[in-house]
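Residue numbers start from 1 in every chain, and the chains themselves are labelled A, B, ... in the order their sequence lines are given, proteins ahead of strands.
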Amino acid sequence: AQKVTQAQTEISVVEKEDVTLDCVYETRDTTYYLFWYKQPPSGELVFLIRRNSFDEQNEISGRYSWNFQKSTSSFNFTITASQVVDSAVYFCALSETGFNAGNNRKLIWGLGTSLGVNP
Amino acid sequence: EPEVTQTPSHQVTQMGQEVILRCVPISNHLYFYWYRQILGQKVEFLVSFYNNEISEKSEIFDDQFSVERPDGSNFTLKIRSTKLEDSAMYFCASSGGLQYFGPGTRLTVT
């Protein structure tokens, strides 16, 4: 069965602190995609990153970085030097690839981690 | 940049009424989806649509729900007889390899 677990329900930090959001996933597929989305208070879903299961290289984008470890089925997200504008709910998601649908399968979502960054 | 649009942004309806939520996917995308998010909870998959038919649906997507692509540009979700528990944010997405989400329609059933 496919499952995404975000064990941290809420995290509160002070501005400029680094924060890591954990994501653990379960899948029987050998090929899959992992995602992170941000949902600010306005409610829209903002795409942050997609990672293919064959690509375990860590990625850095500005203050954001992602650590993908297949050995522990984890895809953690770190925000360096957090800012108030980072306050949002962050969702990790999984998409298995199907023979016919390729990378267009449904997304399976974690419960989300609510991050509050205080000035 | 192309984007997915959804109308209305907020819909209030009475229990038992039918509602239609509308989405305009990105024009060259071939896969379409509906997800919902009950307030404060996770996003849940409802249905995917490809080649004018449902390709996958969840247990939530029962006989009260239907989807349609009536004119080659719009993609609609119909709820035949709304219940209080249908109150949620409904997100449409389209994909040409990566799913792009619309801004959502907040449905409130009273």
Do you reckon [X] sits in the same ILVMFWY cluster as [Y], going by side-chain contacts under 4.5 Å, direct or chained?
| X | Y | value |
| --- | --- | --- |
| B/L84 | B/L77 | yes |
| B/M15 | B/I38 | no |
| B/F75 | B/L21 | yes |
| A/V24 | A/Y32 | no |
| A/L94 | A/L48 | yes |

Minimum-distance pair of heavy atoms, taken over all atoms of A/R105 and B/Q99:
O-NE2, 2.9 Å
How close do B/Q37 and A/F91 get, heavy atom to heavy atom, and via which atoms?
NE2-CZ, 3.3 Å
Between A/F35 and B/L98, is the side chain to side chain contact (heavy atoms under 4.5 Å, CB included) condition met? List the steps.
CA-CA 10 Å; A/F35 303 78; B/L98 174 64; 3.7 Å; yes
What part of A/Q6 gets within 4.5 angstrom of chain B, counting heavy atoms only: side chain, backbone, both, or neither?
neither
Proximal to chain B - members of residues 62-72 of chain A, heavy-atom separation under 4.5 Å
none
Residues of residues 108-119 of chain A within contact distance of chain B, non-hydrogen under 4.5 Å
A/W109, A/G110, A/L111
Quick check: are there more than 12 heavy atoms from other residues, nucleotides or ligands sitting under 6.0 Å from CD1 of A/I60?
no
Under 4.5 Å, heavy atom to heavy atom, which residues of residues 44-66 of chain B contact chain A?
B/F45, B/E56
Spacing of CG belonging to A/L45 relative to OH belonging to B/Y35, to within rounding of 0.5 Å:
10.0 Å
Let me confirm one number: the CD-CD distance from A/E44 to B/E3, rounded to the nearest 0.5 Å.
11.0 Å
Show me the donor-acceptor pairs, under 3.5 Å and distance only, between side chains in residues 101-108 of chain B and residues at least two apart or in other chains.
from   : atom 1 : to    : atom 2 : distance (Å)
B/T105 : OG1    : B/P8  : O      : 2.5
B/T108 : OG1    : B/H10 : NE2    : 3.1

